[in-house]
Amino acid sequence: MLVDGYRRSLKDLRISVTDRCNFRCTYCMPLDEYEWIDKREILTFEEIARLANLFVGLGVEKIRLTGGEPLVRQNLDQLVAKLSVIDGLQDLCLTTNGALLGEKIDALRDAGLKRINVSVDTLDPEKFKRMTKRGDLKKVLEGIFAAKDRGVQRIKLNAVVERGVNDDDIIPLVQFSRNNGFAIRFIEYMDVGNANNWTSAKLLSKKEIIEKIAARFPLKEIGRDQGSAPSVDYEFLDGRGDLGVIASVTEPFCSSCTRVRLTADGKIVTCLFSQTGHDVKALLRGGASDQEITEFLRSIWKVRKDRYSAERLEALRTSNYDPKSHKKIEMISLGG
């Protein structure tokens, strides 16, 4: 079994298929314009599939497709078809903002996609437009229900919670998920990238989120799936569904992190808050063999010692944390 410097195994691969997005969510990519990666530098589906196969050979069990917004990449179903048949892969998921989901779900489902995460931070149409700058909530909801109607087995809603922005949307989102049979996952507001001007004043902690929900809907804690999932999961005591909370800021899970990321332009990144990546595209396009690339991937993971969230919490507790002092890869390149 391949393990890193803290004895953490490699199980999850997040693949960013594009840095482009049709939204400008304030907590992720708030600027109106970005300098996009040249399309010639974006990995092809064949290159992604080759790497995915090699990662599965190293122990990866789950793959998630992200962006930017992955559905702005043309013919994404062709990549899904290549990945869904990898021997040994146990789970293939897509994380999307849902805006293009309604028109693409049939092709994605037919290609083998069975699980989808959709970002929905509020059910208020006007607030949704303010938070995304360009989003139409009606179209997103239509996409979610189209996926449900087409038989997608597991649909999960993701909501990033910001104090004073959408913390009053927590209960409506829970009610919506319960009424429609969706799982929901709330995410603490994090200092991802460099552009979102993160401040702890806008952080609503997992403890506060759970207290707010439990006051209305009694909960039972389940814990982390397989002990290493990002979210701590809960069941409703009345049996009507479940929810989770990702508390990267107040309850770091670095000690059990099994995730590696592949950026759209072919960098291997070992932490969401990394400053740099490792260029695997040069090997792919330079004629390297599968064995050579596998050894490259293995060497990266074996020396991995990332524990950024744990270090951030230590700094926050001493009032000595400046998010701008740690320059990070922008979220648009990494995905969630």
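By convention here, the first residue in the shown sequence is residue 1.
- Contact check on K127 versus D121 returns no salt bridge, with no Lys/Arg side-chain nitrogen under 4.0 Å from an Asp/Glu carboxylate oxygen.
- Here the closest heavy-atom approach between residue P252 and residue S309 is recorded as CG-O, 3.5 Å.
- Closest of all the heavy-atom pairs between L123 and D169 is N-OD1, 4.1 Å.
- Note that SG of C257 and CZ of R307 are 13.0 Å apart. Values are rounded to the nearest 0.5 Å.
- Counting heavy atoms from C-beta outward, S119 and F23 have side chains that stay 4.5 Å or more apart.
- Between C25 and T132 there is a side-chain heavy-atom pair separated by less than 4.5 Å.
- Taking CD1 of I268 as the reference point, atom CH2 of W301 lies at 11.0 Å (rounded to 0.5 Å).
- Contact of the K104 side chain with the D77 side chain is not registered, since no non-hydrogen atoms from C-beta on lie closer than 4.5 Å.
- With a 6.0 Å radius and a threshold of 12 heavy atoms from other residues, nucleotides or ligands, D149 has its CG atom above the threshold.
- Under the 4.5 Å side-chain criterion, counting only non-hydrogen atoms from C-beta, N180 is not in contact with I144.
- Between the side chains of T95 and R14, no donor-acceptor pair of N or O atoms lies under 3.5 Å.
- Note on D106 versus R150: salt bridge recorded, some NZ/NE/NH1/NH2 to OD/OE distance being below 4.0 Å.
- Under the 3.5 Å distance criterion, the side-chain polar atoms of S231 are left unmatched by any main-chain donor or acceptor of D233.
- Looking at D38 and R40, a side-chain N of the basic residue comes within less than 4.0 Å of a carboxylate O on the acidic one, giving a salt bridge.
- Taking the six-membered ring where tryptophan is involved, the planes of F296 and H278 are perpendicular, since the angle between them exceeds 60° and thus also 30°.
- Side-chain contact between I15 and L65 is present, with at least one heavy-atom pair separated by less than 4.5 Å.
- Under the salt bridge (Lys or Arg N to Asp or Glu O under 4.0 Å) criterion, D12 pairs with no residue at all, not counting sequence neighbours.
- A distance of 6.5 Å separates CD1 of I42 from CZ of R73, quoted to the nearest 0.5 Å.
- At least one side-chain heavy atom of F176 sits less than 4.5 Å from a side-chain heavy atom of L157.
- Summarising the geometry, atom CG belonging to D19 is positioned 4.0 Å from atom CD1 belonging to I37; distances are rounded to the nearest 0.5 Å.
- A search for salt bridge (Lys or Arg N to Asp or Glu O under 4.0 Å) contacts involving E47 returns R285, not counting sequence neighbours.
- Scanning all heavy atoms of the two residues, the minimum distance from I170 to I209 falls at CD1-CG1, 4.2 Å.
- Once rounded to the nearest 0.5 Å, the distance linking CG of L203 with CG of D167 reads 11.0 Å.
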Full working for side-chain hydrogen bond (donor to acceptor under 3.5 Å, both in side chains) between T18 and E69: CA-CA 7 Å; T18 180; E69 166 49 42; over 6 Å; no
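- With salt bridges taken as basic N to acidic carboxylate O contacts below 4.0 Å, none links D225 and K11.
- Between R20 and K39, the shortest heavy-atom distance links the atoms NH2-CG, 4.0 Å.
- With no hydrogens or angles considered, no side-chain donor-acceptor pair links D124 and T122 at under 3.5 Å.
- Checking each of R64, K114, R115, R154 against D91 for a side chain to side chain donor-acceptor pair (under 3.5 Å) leaves exactly one that passes, namely R115.
- Between F182 and V118 there is no side-chain heavy-atom pair separated by less than 4.5 Å.
- Rounding to the nearest 0.5 angstrom, the gap separating the CG atom in L71 from the CG atom in N22 is 8.5 Å.
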Test side-chain hydrogen bond (donor to acceptor under 3.5 Å, both in side chains) applied to S248 and R312, step by step: CA-CA 10 Å; S248 171; R312 174 181 54 205; 2.8 Å; yes
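- Ion pairing between a basic and an acidic side chain is recognised when a charged N comes within 4.0 Å of a carboxylate O; E142 and K139 show no such pairing.
- Looking only at side-chain heavy atoms (C-beta outward), R130 and T26 stay at 4.5 Å or farther from each other.
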Side-chain polar contacts of residues 211-224 - donor-acceptor pairs under 3.5 angstrom, sequence neighbours left out - could you list them?
from, atom 1, to, atom 2, distance (Å)
E211, OE2, K207, NZ, 2.7
R224, NH1, A229, O, 3.2
R224, NH1, P230, O, 2.7

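- Taking all atoms of both residues into account, the shortest heavy-atom contact from C254 to A310 is SG-N, 3.5 Å.
- Pairing each heavy atom of L58 with each of L2, the nearest pair is O-CB, 4.0 Å.
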